[in-house]
Structure formats: C-alpha cells, structure tokens
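Right, one structure below, let's go through it.
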Amino acid sequence: GAVVSQHPSRVICKSGTSVKIECRSLDFQATTMFWYRQFPKKSLMLMATSNEGSKATYEQGVEKDKFLINHASLTLSTLTVTSAHPEDSSFYICSADPRGDTQYFGPGTRLTVL
Amino acid sequence: SQKIEQNSEALNIQEGKTATLTCNYTNYSPAYLQWYRQDPGRGPVFLLLIRENEKEKRKERLKVTFDTTLKQSLFHITASQPADSATYLCAPARNRDDKIIFGKGTRLHILP
C-alpha cells in the first residue's frame, strides 16, 4: 500500500511555456501532499505543502506565482511551473503521508526547459 | 536555524562489511527520525522510522540508533552488498504535522 504516482515522468519544454505535473495517491487519501525539488547531486528541497481544499503553504524563497499548486481532491495535487525558464530545469518530486509519520514519494518528474 | 548534517558526501565500503552512516542535527528536537534510500533519478524510498523514546530499531540487515543527547542517529547496513549502493537520506521531524526536512544525503558505494 501507500503508492504515490507522478505524471509525466519526463518533460521537455521551451522557455516561456507552462508545465503541469500531477501527483496522485493511488491507495489512500491525502489531505496534505508535499512538493520537492532536487538539483543534480543535491538534497531534496521542500518547495511547498499542498493542502486539500485550501491554499498551499510555500517555503521561504519559493515564488507562489511561479509554482502554482492546486490540491483539488483527496488524491490529486498538481504543480504548474509557469513561464518556465532553463533555471527551472530540475527533478520535481511529490510525497504524501498516509499515517502521519512516513512520507511516501512519487517517482519524480524530470523537467528540462530549453 | 535547524541544521541537519550527514557525515560525508560519499562513503566507500567493501562488500560484506558494515556500513555506518551518521546524521547529526542542531537547533532541533525531533520526536522521530526517518531514513530513506534514493537511487539516481528516482524518488526516495522509506526504510526505517525511529522515535525519540527508542534507542534502536532493526529491519533485516538495517539498524538505526537515535541518541537525543548527542543529537545523532546512526544508520548501519550489515553484510553490505553492491545492491545497497545508493544515497541515504535522514529526515528528522518534530511531530506528525511537522514538515520533514532532509539532510543532504550520503552516497554509499559498496565495492565488490
């Protein structure tokens, strides 16, 4: 149990376009999901906490207008990278916690902005 | 501010030996601490959770200790195998509603 999926697994886009990444909890409901970004050989950096039915909570330094988060249901959170630029190229990973103490991570989405 | 340090960026261990990874934290009093494994290009996978009132936790060849006085957790892999090669992340948390902050991780290489 506790499976988290992400879609797409890999996306390449042109600079200036917007990209949407989906995160789904497949066998449990998640009122809270987390979005992380990871640059090569660096640690996971928490970007924001996605809350079902309310606004996301963003970490310091993360632009909320740049990274739009929508948590419309108990099994789906989406992250939209708006007007993407090459510096947004990274590995984006979501996670959810079915029991309140263990994060289950999605497989990640590799974003490349040309 | 809260700080999490993992002993080294990379660690080379001979196959069959015990690998020991260290996680130190400062300005922080976590109620529990988790260890994850991450392979290149994949999301982290949960391994073990240890609570502040537990000294030690075991799972197959894995053992985790948690010393709240030293503010340190040790992660051991006994009888290490090349398949154990990965990056290992520690993640303390204060309570179930607290966001989890990850250390930078230690890249473990088990040499055949």
Side-chain angles (χ1 to χ4, degrees), chain A residues 1-11 21 23-26 28 30-51 56-62 89-112, chain B residues 1-11 21 23-25 28 30-54 57 59 64 66 85-109:
Chain A
V3 178
V4 176
S5 71
Q6 277 183 246
H7 178 80
S9 59
R10 187 180 293 266
V11 59
I21 303 170
C23 176
R24 292 181 187 273
S25 56
L26 298 185
F28 65 96
T31 54
T32 302
M33 290 182 174
F34 300 91
W35 286 96
Y36 294 83
R37 180 167 53 181
Q38 187 174 37
F39 292 105
K41 296 189 178 180
K42 298 293 183 183
S43 184
L44 291 160
M45 295 301 297
L46 180 64
M47 298 174 66
T49 303
S50 172
N51 304 298
T57 305
Y58 290 81
E59 293 300 302
Q60 192 173 9
V62 178
S89 298
S90 188
F91 192 51
Y92 291 86
I93 311 175
C94 69
S95 72
D97 182 350
R99 294 193 299 271
D101 58 11
T102 302
Q103 294 292 322
Y104 288 86
F105 287 83
T109 297
R110 172 76 57 196
L111 171 64
T112 303
Chain B
S1 61
Q2 298 161 7
K3 195 174 180 183
I4 302 164
E5 289 183 342
Q6 293 193 238
N7 55 331
S8 59
E9 281 198 19
L11 189 62
L21 284 65
C23 176
N24 294 295
Y25 56 91
Y28 205 25
Y32 59 91
L33 191 146
Q34 302 171 65
W35 283 88
Y36 289 81
R37 168 184 173 141
Q38 186 176 24
D39 291 285
R42 313 288 285 272
V45 174
F46 170 75
L47 295 175
L48 279 170
L49 178 151
I50 187 166
R51 302 186 190 282
E52 60 180 340
N53 59 350
E54 298 175 313
K57 200 80 164 285
K59 179 182 176 182
V64 171
F66 192 8
S85 298
T87 296
Y88 291 85
L89 306 165
C90 78
R94 282 183 292 239
N95 52 59
R96 62 180 292 163
D97 296 323
D98 193 20
K99 59 191 178 187
I100 293 177
I101 306 297
F102 287 86
K104 289 186 177 180
T106 296
R107 287 195 314 277
L108 177 65
H109 302 282

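Chain letters run A, B, ... following the sequence lines, proteins first and then strands; every chain starts at 1. Just so you know, these numbers come straight off a predicted model, no measurement behind them.
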- Message: For the CD atom on B:E9, are there more than 12 heavy atoms of other groups (residues, nucleotides or ligands in this structure) within a distance under 6.0 Å?
- Response: no

Closest non-hydrogen atoms of B:G103 and A:S43, given as atom of the first, atom of the second and distance, are O-OG, 2.6 Å

Honestly, the part of A:Q6 sitting under 4.5 Å from a heavy atom of chain B is neither

When rounded to the nearest 0.5 Å, the distance separating CZ of B:R107 from NZ of A:K41 is 5.5 Å

Query - Heavy-atom neighbours of B:H109 NE2 exceed 12 at 6.0 Å - result: yes

Pair count under 4.5 Å, heavy atoms only, with chain B: among A:L46, A:L44, A:T102, highest is A:T102

| said: Quick check on the 6.0 Å ring-centre criterion: do A:F34 and B:F102 meet it? | reply: no

Donor-acceptor under 3.5 Å (B:Y36 side chain, A:Q103 main chain)
yes

Crowding at NZ, B:K57 (>12 non-hydrogen neighbours, <6.0 Å) = yes

Can you give each donor-acceptor pair under 3.5 Å made by side-chain atoms of residues 38-50 of chain B, sequence neighbours left out, with the distance rounded to 0.1 Å?
{"residue": "B:Q38", "atom": "OE1", "partner": "A:Q38", "partner atom": "NE2", "Å": "3.0"}
{"residue": "B:Q38", "atom": "NE2", "partner": "A:Q38", "partner atom": "OE1", "Å": "2.8"}
{"residue": "B:Q38", "atom": "NE2", "partner": "B:R42", "partner atom": "O", "Å": "2.7"}
{"residue": "B:D39", "atom": "OD1", "partner": "B:R37", "partner atom": "NH2", "Å": "3.1"}
{"residue": "B:D39", "atom": "OD2", "partner": "B:R37", "partner atom": "NE", "Å": "3.1"}

